[in-house]
Amino acid sequence: MKYVLVTGGVVSGLGKGVTASSIGVVLKACGLRVTSIKIDPYLNTDAGTMSPFEHGEVFVLDDGGEVDLDLGNYERFLDVTLTKDNNITTGKIFQSVIEKERKGDYLGKTVQVVPHITDAIKNWIVSVSQIPVDGAEDPADVCVIELGGTVGDIESMPFIEALRQLSFSVGQDHFCLIHVSLIPVLGVVGEQKTKPTQHSVRELRALGLTPHLLACRSAQPLLQSTKEKLSQFCHVPEANILNIHDVPNIWHVPLLLMNQNAHHAILKQLNLVSAAMPPDLRDWTEMAETYDNLKNSVRIALVGKYVGLTDSYLSVVKALLHACIACSLKPSIDWVAASDLEDESAKLTPEAHAVAWDTLRNASCVLVPGGFGDRGVSGMILAAKYARENKIPYLGICLGMQISVIEFARSVLGLEGANSMEFDQETPDPVVIFMPEGSRTHMGSTMRLGSRRTLFQTSDCIAAKLYDNPQHVDERHRHRYEVNPEFIEALENGGLKFVGKDETGKRMEILELPSHPYYVGVQFHPEFKSRPRRPSALFLGLILAATGQLEEH
Ligand code: GLN
């Protein structure tokens, strides 16, 4: 196993995740099999309990792992299916060491950060890197490890030390360190400044790690003189100084790296030159250029709770992009804060209220994504009602499906107090109820999580046709509440059809409204499995319906 470690210096938010996944793409394009590990030096065991406001979306894996959104980038870029163990956190490492301590595995010893925590980190990395990806029999050739945070952070010290030891034990030609750094431009003169990078490389060296390559983020391409300076002062050959300047879309990053021969420098360091082919990134080139040249756009109203930070719905945004590109359209996402649609806001913030409604009315389709808690729920219900009554294509994901059931029960069945037990424990008509698979008392890892099978109840429904499978589909879940089985008969008599259910027939997975051109609700999250050239069927359906092409499809 060869390791490529990607660290970050100077500031956070440099796009280390995109850089690391792009490196993976280029190595994969050389015919190598690539896996990846993301290290998050925080104390949470996983991302499941973290707020999307603060950290961006919680990405969900097939095995139910609730992980950092960077794992989504890896799955999309490398087209692999990862496991929860591919995301290492300080919390997980400490938990495993403390569990062993309690079992008596270290009896008589003082349990310490060095060597016990660092050993646990090394063992974890080595064993996870050996897991074959996507049904392959053998482990991958290269494991790309991204270390979250910035070099020098107190939190990441045990990881840095473990990685230093790992680099020493696997040997020179099995370890390649790429340090991602920032080259800012200051003042009117516009000089590219190398000092912050020099300092962060020095910091890395002081901790015992030497970068083999530098990946420099900058607004404009690096000047030759900047490269020379970096090479001289950071002790990195000029050919190993890569530049990732701002590009029109992130699919250009692998191309940028390839054009600078990044693969050659990495393969040389790893002694893999003879095992690799020249990289073939024709499909990426086509994808990146297609995106740059899209002329027409489609307006999608995304009605959610966390619209202040677009990373909160990163996979939804990506899935929309994949679907739009398949239709040769540019996505124009109009973010609507659900609470702005509510009648209350007409009094409190009339301008925001008017803008929200205008935005909704001007969109060609409506998407209500997943979410937790009752903020904005009434606004989402109004959006679902608007889409249903005006025959505007609608996709409700998880909470978005529950919203459409509440709305339908209230407006069509006349059950005015219908609600989800999540928002009203006393509701006279609990159309959505608590149906967990896990614990009823703990919050962490207690949801219905990961891949579950949905059986189509009829092949004559939009979803089965779009998935191009009359039988079933496997998608990822993350929820505690579901449509109450006791209301199914009434809802179906009213015209709503539950066309997909789980294997027990008790859990409603997909709903459709046959009298509407595209009104689809899903209890799962189709966005997590959408890939650049394989858009999620239901997102594709939404965009096709929004542009009047669903019939032809
Ligand atoms: N809050 C809802 C539930 O727990 C929906 C969750 C979601 O949208 N991911 O069922």
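Note that ligands are numbered from 1 as they come in the structure, with each ligand's atoms numbered from 1 the same way.
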Check your understanding: Does one side chain, of Glu475 or Tyr467, offer a donor that lies under 3.5 Å from an acceptor on the other?
Key -> yes
Review point. Is it true that the side chains of His477 and Glu509 contain a donor and an acceptor less than 3.5 Å apart?
Key: yes
Practice item. Tell me whether the centres of the aromatic rings in Phe77 and Trp284 are closer together than 6.0 Å. Key: yes
Check your understanding: Mind checking whether Tyr518 and Tyr394 have ring centres under 6.0 Å apart?
Key -> no
Point to revise | Pocket residues of ligand 1, ordered first by chain and then by residue number (heavy-atom cut-off under 4.0 Å) | key: Gly370, Gly371, Phe372, Cys398, Leu399, Gln402, Glu422, Arg478, His479, Arg480, Tyr481, His525
Point to revise | Asp283 with Arg533: basic N within carboxylate O range, under 4.0 Å | key: yes
Review point. What pairs with Ser12 under side chain to side chain donor-acceptor pair (under 3.5 Å), at least two apart in sequence or on another chain?
Key: none
